[in-house]
Amino acid sequence: IQHDTDTNTESFWKSCLEGIRFLQKNAALFRIILFVAAINFFAKLGGDGLMSVFVLSKSGGDQNALGMVETANALAALTGSLLVMCMKPAVHKTKAVFISCAITFLVGNALLSLSDSLWFWIATSFISYVTATIFGTNLTVIMRTHVPIHMQGRVFSAQGTIQNASIPLGLFLGGVL
C-alpha cells in the first residue's frame with residue numbers, strides 16, 4: 001500500500017471542527033443527525049435503555065426470558081442486515097429512514113409495553129430491531145452518498161459524537177424515572 005508522502009500537519013481540533021463545519025454547511029445532513037441524536041436520547045430513555053429492567057421486572061427476574069429477548073434482538077439485527085442486502089435499495093432513502101424509525105418506536109416501545117407475554121416481547125423486539133437495521137443502513141447510505149470521500153473520516157467522527165452524545169443523558173434520566 002502506497003501512502004502519500006505529503007504529511008498533513010493539521011491539528012486534531014482543527015480536523016474535528018472541519019467535520020462539524022461541513023455538517024453545518026449541509027443543513028439537511030445536520031438536521032438528520034440531530035434527529036438521530038434525539039432518537040438515541042428517547043430510545044435510551046425508554047425501551048432500548050430499559051429493556052433488561054422491563055423484562056426482568058415483568059418476568060419475575062427470569063434471566064432466561066431476558067436472554068430470549070436479547071437473542072431475538074441479535075437475530076433481528078442479523079436478519080435486518082440480510083434483508084437489506086437482498087432487497088432492492090430504497091428509492092427515497094430519507095423517507096426509508098423516517099418510516100423505519102417510526103416503526104421501530106411504535107413496535108419497540110409502544111407495543112412492547114402492552115403485554116406481559118414473553119413471546120409478544122420477543123416478536124415486538126424482533127420487528128423493532130429489523131427495522132432499526134433498515135434505519136441505520138439507509139442513514140449510512142445517505143451519509144456516504146453526500147459526504148466527499150476526503151471528508152468522510154472527519155464528518156463521520158462528528159456524526160458519531162453528535163448522535164451518541166445524548167445516550168448517557170437518556171440512560172441517566174431513564175434510570176431516574
Side-chain angles (χ1 to χ4, degrees), residues 1-51 70 73-110 125-174:
I1 297 175
Q2 291 187 357
H3 298 282
D4 269 343
T5 54
D6 180 27
T7 56
N8 189 351
T9 57
E10 181 177 64
S11 77
F12 171 77
W13 295 110
K14 184 176 178 184
S15 180
C16 291
L17 289 174
E18 263 191 71
I20 293 170
R21 278 191 218 103
F22 179 89
L23 290 173
Q24 288 173 333
K25 289 178 187 174
N26 294 276
L29 292 178
F30 193 55
R31 283 193 301 267
I32 290 173
I33 290 169
L34 291 176
F35 170 77
V36 175
I39 291 303
N40 283 342
F41 172 77
F42 287 113
K44 296 304 177 184
L45 180 68
D48 193 42
L50 298 175
M51 175 68 75
E70 293 294 347
N73 292 345
L75 291 174
L78 177 62
T79 302
S81 298
L82 293 172
L83 184 67
V84 169
M85 185 177 71
C86 294
M87 64 189 224
K88 201 171 167 181
V91 175
H92 303 286
K93 291 177 182 31
T94 304
K95 190 182 285 187
V97 165
F98 289 111
I99 290 171
S100 59
C101 181
I103 294 169
T104 299
F105 267 88
L106 287 174
V107 173
N109 288 18
S125 289
F126 187 87
I127 293 166
S128 177
Y129 272 74
V130 166
T131 57
T133 304
I134 294 168
F135 166 84
T137 301
N138 281 288
L139 179 63
T140 300
V141 171
I142 290 169
M143 293 301 292
R144 288 190 180 272
T145 303
H146 292 92
V147 177
I149 291 175
H150 72 279
M151 287 295 295
Q152 286 185 359
R154 295 174 186 126
V155 173
F156 295 165
S157 293
Q159 174 191 8
T161 301
I162 293 167
Q163 285 178 188
N164 296 320
S166 61
I167 290 174
L169 181 61
L171 286 170
F172 174 75
L173 291 176

Visitor: If you measure from CE on Met51 to CG on Asn73, what distance do you get to the nearest 0.5 Å?
Guide: 5.5 Å
Visitor: What do the steps show when you test Leu83 against Val130 for side chain to side chain contact (heavy atoms under 4.5 Å, CB included), and what is the final call?
Guide: CA-CA 9 Å; Leu83 184 67; Val130 166; 4.1 Å; yes
Visitor: What's the shortest heavy-atom distance between Ser81 and Thr133, and which atoms?
Guide: N-CG2, 3.4 Å
Visitor: To check you understand the geometry: which heavy-atom pair defines the closest contact between Phe22 and Leu29, and what is its length?
Guide: CE2-CD1, 4.2 Å
Visitor: Any donor and acceptor pair, going by atom type alone, linking the side chain of Lys93 with main-chain N or O of Ala90 inside 3.5 Å?
Guide: yes
Visitor: Nearest 0.5 angstrom please: Thr161 OG1 to Phe156 CZ, how far?
Guide: 13.0 Å
Visitor: Just verifying a value: how many Å separate Phe98 CZ and Asn138 CG, rounded to the nearest 0.5 Å?
Guide: 11.5 Å
Visitor: Any donor-acceptor pair under 3.5 Å linking the side chain of Ser128 with the backbone of Thr104?
Guide: yes
Visitor: Find the distance between CE (Met87) and CG (Leu82) and round it off to the nearest 0.5 Å.
Guide: 12.0 Å
Visitor: Would the distance check show the side chain of Gln152 and the main-chain N or O of Val147 forming a donor-acceptor pair, the cut-off being under 3.5 Å?
Guide: yes
Visitor: Taking the side chain as everything from C-beta on, heavy atoms only, tell me whether Val141 gets closer than 4.5 Å to Pro89.
Guide: no
Visitor: Do Met143 and Ile32 have side-chain heavy atoms sitting under 4.5 Å apart?
Guide: no
Visitor: Testing Asn164, Ile162, Leu139 one by one against Val36 for a side-chain contact (heavy atoms from CB on, under 4.5 Å), which residue passes?
Guide: Leu139
Visitor: How long is the span from the CZ atom in Arg21 to the CE atom in Met151, to the nearest 0.5 Å?
Guide: 9.0 Å
Visitor: How long is the span from the CD1 atom in Ile103 to the CG atom in Leu106, to the nearest 0.5 Å?
Guide: 8.0 Å
Visitor: Ser15 and Arg154: which non-hydrogen atoms are nearest, and at how many Å?
Guide: OG-NE, 3.2 Å
Visitor: Between Gly19 and Ala158, which heavy-atom pair has the shortest distance, and what is it?
Guide: C-CB, 4.0 Å
Visitor: Shortest non-hydrogen contact from Phe41 to Leu169?
Guide: CE1-CG, 3.8 Å
Visitor: Give a yes or no on whether the backbone of Gln163 and the side-chain of Asn40 come within a donor-acceptor separation of less than 3.5 Å.
Guide: yes
Visitor: Of all the heavy-atom pairs spanning Phe126 and Ala76, show the shortest one and how long it is.
Guide: O-CB, 3.2 Å
Visitor: Verify side chain to side chain contact (heavy atoms under 4.5 Å, CB included) between Ile39 and Cys101, making sure each step is shown before the conclusion.
Guide: CA-CA 8 Å; Ile39 291 303; Cys101 181; 3.5 Å; yes
